[in-house]
Amino acid sequence: VSLLATVGALLLQRINPNFLYMFPFSISALYLMAFFKKRIILPVYILSLLPLLIFCDDGIVLFVMFMVAGMVTILAFKYFNKGWKQFITAFLVFISLIITYFAFRLLDNANGNVYTALIYLFISSLLTVAGYPLIYLFERIFSLVSSSRLLEMCDTNNELLRKLEHIAPGTFQHCLQVMNMSDAAARSIEANALLARTGALY
């Protein structure tokens, strides 16, 4: 994920530095959220943004903008992560980007046309949501299981669990009870509760 962000930054810096405002750096935070524990997501995300400080003309502006956008993404996606609600996350990311951008404009540290920058930032926000399904590609390539996949598997309306409920309702109820106990136990020791719930069900 960090390598993709770095290569993307270097390529866009060579093509047109203004395109960096359009690159969805905050999607890296979503990819990290899908596979890693909470406490390492933000430090790794910030490290992935460091090349902006080194290689880019507006490095400080871009670094701070996308650091703030990444934190907003991490917080918002916990609540708005399904269906159309993902666009609420995109909107909140866009708001955070323009607030930070105009803060730098007031300090005269941001370059370029304001309207062009706003369009690029809007595209960046939309790409943050549009690129999220690529997580399934990461799963296939690296043989990982994302939190999104675990959520799907925990959905008691999926075909396999509905079949279990129909054929063996007692076993199904037992699995649900074990799932709830596993969830409570995992949360009490700050383990991966979603993984524990899925393991209990299957």
Side-chain angles (χ1 to χ4, degrees), residues 1-36 38 40-138 146-148 151:
V1 168
S2 299
L3 182 63
L4 286 173
T6 303
V7 170
L10 288 172
L11 287 174
L12 291 176
Q13 175 65 25
R14 286 175 178 268
I15 296 166
N16 185 342
N18 289 328
F19 287 169
L20 286 165
Y21 288 91
M22 189 168 45
F23 192 81
F25 289 101
S26 49
I27 201 171
S28 301
L30 291 184
Y31 291 159
L32 292 168
M33 282 177 69
F35 299 110
F36 296 103
K38 293 176 184 176
I40 69 165
I41 294 168
L42 191 58
V44 172
Y45 175 68
I46 291 171
L47 284 173
S48 74
L49 293 177
L50 286 179
L52 291 173
L53 289 173
I54 301 166
F55 301 112
C56 302
D57 297 335
D58 280 347
I60 295 172
V61 178
L62 289 162
F63 178 81
V64 175
M65 275 175 51
F66 285 107
M67 183 178 70
V68 172
M71 289 189 280
V72 170
T73 303
I74 291 167
L75 291 171
F77 202 74
K78 289 179 184 177
Y79 305 101
F80 309 112
N81 57 14
K82 290 183 180 179
W84 68 270
K85 289 183 179 179
Q86 291 182 17
F87 289 100
I88 298 176
T89 299
F91 176 73
L92 294 173
V93 169
F94 177 61
I95 294 297
S96 69
L97 285 169
I98 60 173
I99 288 171
T100 316
Y101 176 75
F102 279 111
F104 277 104
R105 290 290 297 195
L106 289 172
L107 296 170
D108 291 325
N109 287 334
N111 299 319
N113 183 281
V114 174
Y115 298 108
T116 305
L118 287 177
I119 291 168
Y120 286 166
L121 293 176
F122 180 72
I123 293 170
S124 173
S125 305
L126 285 182
L127 288 175
T128 300
V129 173
Y132 185 70
L134 290 175
I135 281 178
Y136 298 109
L137 186 62
F138 278 87
S146 68
S147 55
S148 298
L151 273 172

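Note that the structure is a prediction, hence the values are computed from the model and not measured.
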Close side-chain approach of Thr116 to Asn18, heavy-atom, < 4.5 Å: no
If we only count heavy atoms from C-beta on, is the Ser2 to Val44 side-chain gap below 4.5 Å? yes
side-chain hydrogen bond (donor to acceptor under 3.5 Å, both in side chains) contacts touching residues 85-98 (sequence neighbours left out): none
What distance do Ile98 atom CD1 and Ser125 atom OG have between them, rounded to the nearest 0.5 Å? 8.5 Å
Does Ser26 reach the side chain of Tyr45, with side-chain heavy atoms less than 4.5 Å apart? yes
From Arg14 atom CZ to Phe55 atom CZ, the distance as rounded to the nearest 0.5 Å: 9.5 Å
Are the side chains of Ile135 and Phe35 in contact, using a 4.5 Å heavy-atom criterion? yes
If we check ring-ring contact (aromatic ring centres under 6.0 Å, His included) with Phe122, which of these qualifies: Tyr101, Tyr115, Phe94, Phe91? Phe94
Interatomic spacing from CE in Met67 to CG in Leu52 - rounded to 0.5 Å: 11.5 Å
Report yes if the side chains of Leu127 and Ile27 come closer than 4.5 Å at any heavy-atom pair, otherwise no. no
Does atom CD1 of Ile60 have more than 12 heavy-atom neighbours from other groups under 6.0 Å away? no
Do Phe66 and Ser124 come within less than 4.5 Å of each other through their side chains, counting heavy atoms only? yes
Could you check if a side-chain atom of Val61 sits within less than 4.5 angstrom of a side-chain atom of Val64, using non-hydrogen atoms only? no
Just so I know, are the side chains of Phe25 and Leu20 near enough to count as touching, which here means a heavy-atom distance under 4.5 Å? yes
Going through the distances and angles, do Phe102 and Leu118 end up as a side-chain contact (heavy atoms from CB on, under 4.5 Å)? CA-CA 10 Å; Phe102 279 111; Leu118 287 177; 3.8 Å; yes
Reported OG-to-OH distance for the pair Ser48 and Tyr31, which is rounded to 0.5 angstrom: 12.5 Å
Which is it for Tyr21 and Tyr120 under the ring-ring contact (aromatic ring centres under 6.0 Å, His included) test, yes or no, and what are the steps along the way? CA-CA 6 Å; Tyr21 288 91; Tyr120 286 166; 7.5 Å; no
